[in-house]
2 protein chains.
Amino acid sequence: MSVSRSERRTRPQTVARREEILKAAMATFGAKGYNKGPLTEIADQVGMTHAGILHHFGSKNALLLEVLQYRDATDVEALPEHHIPDGADLFRHLVRTAFLNAQRAGIVQAYAVLSAESVTDDHPARPFFQQRYTTLRGEVAHAFRVMCQEAGVDEPTTVDKAAASILAVMDGLQIQWLLDPTAVDLAEASEFAIEAIVAQVLTPRETPLRRPAD
Amino acid sequence: MSVSRSERRTRPQTVARREEILKAAMATFGAKGYNKGPLTEIADQVGMTHAGILHHFGSKNALLLEVLQYRDATDVEALPEHHIPDGADLFRHLVRTAFLNAQRAGIVQAYAVLSAESVTDDHPARPFFQQRYTTLRGEVAHAFRVMCQEAGVDEPTTVDKAAASILAVMDGLQIQWLLDPTAVDLAEASEFAIEAIVAQVLTPRETPLRRPAD
DNA sequence: CCTACCGATCGGTAGG
DNA sequence: CCTACCGATCGGTAGG
């Protein structure tokens, strides 16, 4: 009986080693960004040389992409039923995520740094984040439509703007919180903003800003 | 009559040259980030060698800080009366800024990339952005208090969260817009979110999210 | 403001 | 998974 290539790749030891590397890479890329996060630092954390990392992942570039996919996969596994909730539950889930994020600065920083870095010229993570935001906006927009339907409201003009805004405010608060954790309450502020945006979609109101001035 | 040191530093030619360099640096740091944006690329844009840049600014680090200060100073000069408006006018100003930003992706990208990069270990721009957000949050919070007072509302519990959220949603939308300009309308979405948050501060409402679930 | 150069960092490859 | 090494990039300095 021969041992196939894919089976060798799947050896428990190798899988475990790769996971160690992925976690170390997340830490280094989170702390220093992709461009400034050296393979040697990742290697040190798992007790090998940087050539060993390249042996496992082929290139630094490929490692980055696996790091991003690994985190997403881990997060999805943590969901009930392994899928994202819908309607009002989605927004409750997002609020809960913000509370969770307030206790894992490392992961928050990795995403914040890498997503912003990804808009630079020819960044390897750009397609990943492009796809990620497209998917997330679609999910949030869908949740909005479900909520509107349940509430008997048919005003979906703002849904797309609101979906982007929900994700945006969560991301933006993370940056401010990472810069100054005592000045910004990540969880409470996220909750407030999400509720504000949801309320504006369901029962839109004019604001004093509407009077044109200046 | 002797020529003082400071006068030499102030020679029109030198000032103009430095401004050229600052603009070129903004372009390079915006396109590639600080860590990956080489002095040679900045030098090429203004027709000198990278040693010439260092002659003018001392170090890459110092150049970055001057770039950030230069942009802020330029923006303040563009304001009516050279100071930031207050009350509802501040929020109108922020909306107008979002519309303006939708037509200057380069500057938007520079701030988005550099602010996120600044949260990494020992980044030279970290104190700058820390200070910047502290100041901006204070100004937005003050505008909220003025608006509440004018409206006869005394509910400032949410003011600080709302101030951070306003800035956050503008920043977060910029990232999504830079990644996918056709999928996100930076100006319209910013306006929507700002109005949603302002409305929630002035006349807060419970939302369907309040029912605890899951 | 340039030429010339140093010192350090870093990703990747060879070859085992 | 390591040793050894290459090739390239880059910030900064000397010395003019």
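Protein chains get the first letters and strands the later ones, always in sequence-line order, with residue 1 at the start of each. Computed from a predicted model, the values in this text were never measured in an experiment. The figures that follow rest on heavy atoms only: side chains count, while hydrogens, waters and symmetry mates do not.
D/dT13 atom C1' lies 16 Å from atom CD1 of B/Ile53, rounded to whole Å. Distance, A/Phe57 CZ to C/dG12 P: 13 Å, rounded to whole Å. Atom NZ in A/Lys36 sits roughly 19 Å away from atom P in D/dT9 (whole-Å rounding). Atom CG of B/Leu54 is separated from atom C1' of D/dG11 by 7 Å (rounded to the nearest Å). B/Asn35 places its CG atom 13 Å from the P atom of C/dG11, with the value rounded to the nearest Å. A/Asn61 has its CG atom 12 Å from the P atom of C/dG11, to the nearest Å. To the nearest angstrom, P of C/dC10 lies 11 Å from CD1 of A/Ile42. Computed from coordinates, the A/Lys32 NZ to C/dG11 P distance equals 11 Å when rounded to whole Å.
Side chain to side chain, B/Thr158 and B/Gln200 fail the donor-acceptor criterion of an N or O pair below 3.5 Å. Side chain to side chain, A/Asp75 and A/Tyr70 fail the donor-acceptor criterion of an N or O pair below 3.5 Å.
The salt bridge (charged side-chain N to carboxylate O under 4.0 Å, His left out) test applied to B/Lys32 returns B/Glu41, not counting sequence neighbours.
Checking each of A/Glu139, A/Gln131, A/Arg132 against A/Thr135 for a side chain to side chain donor-acceptor pair (under 3.5 Å) leaves exactly one that passes, namely A/Gln131.
Closest of all the heavy-atom pairs between B/Ala193 and B/Val169 is CB-CG2, 3.6 Å.
Toward the 5′ end of DNA chain C lies the nearest nucleotide of B/Gly47, the other residue of the pair A/Thr40 and B/Gly47 mapping further downstream. Residues A/His55 and A/Tyr34 each lie close to DNA chain C; by heavy-atom proximity, the contact nearer the 5' end of the strand is made by A/Tyr34.
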With 3.5 Å as the limit, what N/O pairs link the protein to nucleotides 3-7 of chain D?
none

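Checking D/dG11, C/dC1, D/dC1 against the side-chain heavy atoms of B/Pro38 singles out D/dG11 as nearest.
Side-chain contact between A/Leu209 and B/Val198: present, with at least one pair of heavy atoms (C-beta onward) separated by less than 4.5 Å. Inter-residue side-chain proximity for B/Thr120 and A/Lys36 is flagged as unmet; no heavy-atom pair is nearer than 4.5 Å.
Ring geometry for B/His123 versus B/Tyr34: interplanar angle over 60°, hence perpendicular rather than tilted (30 to 60°).
A cation-pi arrangement is not found for A/Arg71 relative to A/Tyr111, the charged atom failing to lie both closer than 6.0 Å to the ring centre and inside a 45° cone about the ring normal.
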Pairing pattern in dot-bracket form [Watson-Crick, G-U; both distances under 3.5 Å; | = partner strand] for DNA chain D: ||||||||||||||||
